[in-house]
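Keep in mind that the numbers below use all heavy atoms, side chains included, and drop hydrogens, waters and symmetry copies.
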Amino acid sequence: MSKVKKDKVKKVSDVEARKLVVDEMKKVNRPYNSQTISLNLHSAVSKTQAAKICSELAAKGTFTEKVKGKQKIYFISQEGLEALDPEGLAKLDEDQSAAKEVLKEINQDVAVLQSEINGLNSSLTTEQLDEEIQKVTERNKEMETKVETLTKKGAKVATTDEKQKAEQSLERGRAEWK
């Protein structure tokens, strides 16, 4: 049995690792533990290296550290970020509402297109239609030959009125029988 060798990710130096960790945490701006940070960086930074860097950055104040039992969670310090004024928040709310409306319209368009696709997928293909036409044509020929043989033997074709009278007579007979 041959073993598949995984490509080893090159480990980076402490300085590069620190820069990678800070950049990743700024980019995602959400809490992570050191193991998740290492995984997000595709193991370019080892778990122990990530834990050490996060602890150092938490001591400096770049990261904030929350301890939950044995687990330590790190996130970028939110101090120093500018706060939006009420007009800026109102503008963001308007933008969000407009984006929700656009999304709603797009979802409706998608639903219409999806129903069209489902309708097209449920219809027969050209090849299937050709096969169906062939089957119906053969069936028609069989029926025509039956009609010809019956007419040659002296059977006559009943009209629609005669069929209706016969069906009514049959129904009266059934009603009397019950």
Ignoring hydrogens and angles, write down the donor-acceptor pairs under 3.5 Å from the side chains of residues 87-103, residues two or more places apart or on other chains.
from  : atom 1 : to    : atom 2 : distance (Å)
Lys91 : NZ     : Asp95 : OD1    : 3.1
Lys91 : NZ     : Asp95 : OD2    : 3.4
Ser97 : OG     : Asp93 : O      : 3.0

With clusters built from Ile, Leu, Val, Met, Phe, Trp and Tyr whose side-chain heavy atoms come within less than 4.5 Å, directly or transitively, what are the remaining members of the cluster of Trp177, listed by chain and number? none
Which Ile, Leu, Val, Met, Phe, Trp or Tyr residues join Leu124 in one cluster when any pair of side-chain heavy atoms under 4.5 Å counts as a link?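 Leu129, listed by chain and number.
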Would you tabulate the side-chain donor-acceptor contacts of residues 19-29 under 3.5 Å, counting partners in other chains and residues two or more places apart, or write 'none'?
from  : atom 1 : to    : atom 2 : distance (Å)
Lys19 : NZ     : Asp23 : OD2    : 3.0
Asn29 : OD1    : Gln78 : NE2    : 3.1

Please list, one pair per line, the donor and acceptor atoms closer than 3.5 Å that link side chains of residues 140-147 to other protein atoms, with sequence neighbours excluded.
from   : atom 1 : to     : atom 2 : distance (Å)
Thr145 : OG1    : Lys141 : O      : 3.3
Thr145 : OG1    : Glu142 : O      : 2.5

Could you tell me which non-hydrogen atom of [X] sits nearest to which non-hydrogen atom of [Y], and how far apart they are?
X	Y	answer
Ala17	Val45	CB-CG2, 3.8 Å
Ser122	Gly119	OG-O, 2.9 Å
Ser77	Gly61	CB-O, 3.4 Å

Please confirm whether the backbone N or O of Ile133 pairs with a side-chain atom of Thr137, one donor and one acceptor, at under 3.5 Å? yes
side-chain hydrogen bond (donor to acceptor under 3.5 Å, both in side chains) filter on Glu79, not counting sequence neighbours, yields none
Residues at least two apart in sequence or cross-chain that pass side-chain hydrogen bond (donor to acceptor under 3.5 Å, both in side chains) with Thr151, listed by chain then number, are none
Can you sort out the partners of Thr125 under side-chain contact (heavy atoms from CB on, under 4.5 Å), two or more places apart, ordered by chain and number? Glu127, Gln128
Distance, nearest 0.5 Å, that separates CG of Leu113 from CD of Gln108: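 Nearest 0.5 Å value for the CG-CD distance: 12.0 Å.
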From Leu39 atom CG to Tyr32 atom OH, the distance as rounded to the nearest 0.5 Å: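 Nearest 0.5 Å value for the CG-OH distance: 10.5 Å.
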Could you give me the CA-CA distance, side-chain angles and deciding distance for Lys72 and Asn33, then say whether side chain to side chain contact (heavy atoms under 4.5 Å, CB included) is met? CA-CA 6 Å; Lys72 291 182 181 180; Asn33 62 13; over 6 Å; no
CA sep, side-chain torsions, deciding dist, call: Glu65, Ile73, side chain to side chain contact (heavy atoms under 4.5 Å, CB included): CA-CA 6 Å; Glu65 176 183 68; Ile73 308 225; over 6 Å; no
Side-chain donor-acceptor distances from residues 50-60 under 3.5 Å, at least two apart:
from  : atom 1 : to    : atom 2 : distance (Å)
Ser55 : OG     : Ala51 : O      : 3.0
Ser55 : OG     : Tyr74 : OH     : 3.3
Glu56 : OE1    : Arg18 : NH2    : 2.1

Which pairs pass salt bridge (Lys or Arg N to Asp or Glu O under 4.0 Å) with one or both residues in [range], sequence neighbours excluded?
range	answer
residues 36-46	none
residues 109-125	none
residues 159-171	Glu171-Arg174

Under 3.5 Å, is there a donor-acceptor pair linking the side chains of Gln164 and Gln168?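 Checked: Gln164/Gln168 side chains show no N/O donor-acceptor pair below 3.5 Å.
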